[in-house]
J.: 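Structure in structure tokens, see below.
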Amino acid sequence: MPRLSEVIAALETLWPAERAESWDAVGTVAGDPDQQVTRVLFAVDPVQEIVDEAVKLGADLLVTHHPLYLRGTTTVAATHFKGRVVHTLIKNDIALHVAHTNADTADPGVSDALAGALDLRVTGPLVPDPTDPEGRRGLGRLCALDHPVTVREFAARAAERLPATAQGIRVAGDPEALVRTVAVSGGSGDSLFDQVRAAGVDAFLTADLRHHPVSEARAHSPLALLDAAHWATEWPWCELAASQLDEISDRHGWDLRVHVSKTVTDPWTAHAASPPSDPLGAPN
């Protein structure tokens, strides 16, 4: 059985901490480097439901995409929900490791997993990492479809293949426009509109799209925008990351048991569809 320090060293080869954004908080949050690791759980969010799942599973290591403390803290008291997470981890000898923006830009990374879930062929990064001489790393991915589909059909594909959430898939643009090329970015993506327009793709699928950026983007071009739930666009990475660790485990003879949490930690829990629009417009 490997020690935690050995497993973390392997994970750092996949997602080096130095490739994270300067504002990010990645790496090992809790855990004894000398503890043995036999079972690992991957999840998007380091929230109490996921930590409780790790306890029930008997995991020694929890790997999440989102940081527990992004902006630091002065307390881990159990009177606060993040403090309770820390207490639960330590009481049960569970380590926590975070791969966030260093996993976003990895090759393969979060957006590769998203493209794979949607059966898209990746042609390159949306925002290339200038330090990568091979031009494969970077933020987001540019993709092609094997056969053109309408925006409506592509949205239905995303709704079917991404994990189900209350939000589903929102669309801005002509539902009957044809889609041949797509940009995807797991997580919040409306800061990337300039790069998406420059790429000349037909559609952009991401999460957390806001009113004003979308309105302005639609005024600039006929680009179709598809807005999925943040959690849903990043969950496919958990399966990718788990398979990567499985491969490392097999190579080293570690015999790790690697799991992916299917617990939905998207914060939105219900959706009520609006009735058909009044042709005279919105109510006063």
Side-chain angles (χ1 to χ4, degrees), residues 4-5 7-8 11-12 14-37 39-106 109-110 163 165-167 186-189 191 207-208 210 228-239 241-242 245 258-270:
L4 175 63
S5 59
V7 178
I8 295 303
L11 297 181
E12 287 285 351
L14 300 175
W15 319 298
E18 61 268 20
R19 291 188 188 145
E21 296 290 339
S22 59
W23 50 264
D24 206 358
V26 302
T28 305
V29 179
D32 180 347
D34 291 326
Q35 75 183 73
Q36 291 184 321
V37 176
R39 198 178 294 269
V40 183
L41 178 65
F42 283 85
V44 175
D45 295 302
V47 293
Q48 192 66 47
E49 304 101 289
I50 297 298
V51 175
D52 290 342
E53 181 180 347
V55 172
K56 185 175 180 180
L57 185 66
D60 310 291
L61 171 61
L62 171 63
V63 181
T64 66
H65 183 51
H66 288 153
L68 178 62
Y69 289 106
L70 186 57
R71 293 176 178 84
T73 186
T74 59
T75 177
V76 293
T79 51
H80 187 269
F81 72 94
K82 292 191 177 186
R84 289 197 301 274
V85 165
V86 174
H87 278 250
T88 305
L89 289 168
I90 293 174
K91 283 180 178 179
N92 291 277
D93 292 324
I94 301 172
L96 171 62
H97 187 80
V98 172
H100 192 210
T101 53
N102 48 335
D104 286 334
T105 58
V110 170
T165 61
Q167 173 182 318
S188 304
S191 65
D208 296 340
R210 296 168 295 159
H230 188 121
W231 172 84
T233 64
E234 294 179 331
W235 184 86
W237 171 80
C238 295
E239 291 195 322
L245 182 56
V258 182
H259 306 262
V260 175
S261 173
K262 292 181 170 58
T263 301
V264 178
T265 54
D266 183 71
W268 303 103
T269 57

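In this chain, residues are counted from 1 in sequence order. Everything numeric in this text was worked out from a predicted model, so none of it was measured.
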J.: Just by distance, do the side chain of N102 and the backbone of W15 share a donor-acceptor pair under 3.5 Å?
T.: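 Present.
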
J.: Rounded at 0.5 Å granularity, tell me how far CG in L96 sits from OG1 in T64.
T.: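 Answer rounded to 0.5 Å: 5.0 Å.
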
J.: Check whether D24 reaches the backbone of T101 with its side chain - one donor and one acceptor, N or O, closer than 3.5 Å.
T.: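 Indeed, once roles are kept as given, a pair shorter than 3.5 Å links the two residues.
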
J.: Would you say the side-chain atoms of E49 and T265 include a donor-acceptor pair closer than 3.5 Å?
T.: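 Short answer, no.
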
J.: Taking all non-hydrogen atoms of both residues, which atom of P67 and which atom of P46 are closest, and how far apart?
T.: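 Reported closest heavy-atom pair: O-CG, 3.7 Å.
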
J.: Specify the closest pair of heavy atoms between A229 and D266, including all atoms of both residues, with the distance to one decimal.
T.: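 So the two residues come closest at CB-OD1, 3.6 Å.
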
J.: Strictly distance-based, threshold 3.5 Å: is any side-chain N or O of H65 a donor or acceptor partner for the main-chain N or O of W231?
T.: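 Not confirmed, H65 side chain does not pair with W231 backbone.
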
J.: Going from CG on D104 to CD on E21, what distance comes out if it is rounded to the nearest 0.5 angstrom?
T.: 8.5 Å

J.: Nearest heavy-atom pair of I50 and S261: which atoms, and what distance?
T.: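 That closest heavy-atom pairing would be CD1-OG, 3.3 Å.
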
J.: Would a 4.5 Å heavy-atom cut-off, applied to side chains only, mark K82 and Y69 as touching?
T.: yes

J.: As a test of understanding, state which of V44, D45, V51 forms a side chain to side chain contact (heavy atoms under 4.5 Å, CB included) with V47.
T.: D45

J.: Rounded at 0.5 Å granularity, tell me how far CG in N92 sits from CG in D52.
T.: 9.0 Å

J.: Quick check for you: to the nearest 0.5 Å, what is the distance between L89 atom CG and L61 atom CG?
T.: 10.0 Å

J.: Going by side chain to side chain contact (heavy atoms under 4.5 Å, CB included), L57 matches just one of L62, L41, I94. Which one?
T.: L41

J.: So V40 and V63, do their side chains get closer than 4.5 Å, heavy atoms only?
T.: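 When only atoms from C-beta onward are counted, V40 and V63 do touch, with a gap below 4.5 Å.
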
J.: Is a side-chain N or O of Q167 found less than 3.5 angstrom from the main chain of W268, in a donor-acceptor match?
T.: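 No; judged by distance alone, with no hydrogens or angles, the pair does not exist.
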
J.: Grab the two heavy atoms, one from A25 and one from V98, that are nearest each other, plus how far apart they are.
T.: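 Looking at all heavy atoms of both residues, the shortest contact is O-CG1, 3.8 Å.
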
J.: Report yes if the side chains of W235 and V260 come closer than 4.5 Å at any heavy-atom pair, otherwise no.
T.: yes

J.: Taking C-beta and beyond as the side chain, do I8 and L11 meet within less than 4.5 Å on heavy atoms?
T.: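 Heavy-atom side-chain distance check passes, below 4.5 Å.
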
J.: Distance check, rounded to the nearest 0.5 Å: H230 atom NE2 versus T165 atom OG1?
T.: 12.5 Å

J.: Please find the pair of heavy atoms, one from A43 and one from C238, that lie closest to each other, and give the distance.
T.: C-SG, 3.5 Å

J.: If you measure from CD on E53 to NE2 on H259, what distance do you get to the nearest 0.5 Å?
T.: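 Between E53 CD and H259 NE2, I get 10.0 Å after rounding to 0.5 Å.
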
J.: For residues A270 and A166, report the shortest heavy-atom separation together with the two atoms involved.
T.: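 Answer, listing the atom of A270 first, then A166: N-CB, 3.4 Å.
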
J.: Please check if the side chain of E234 supplies one atom and the backbone of V110 the other of a donor-acceptor pair under 3.5 Å.
T.: no

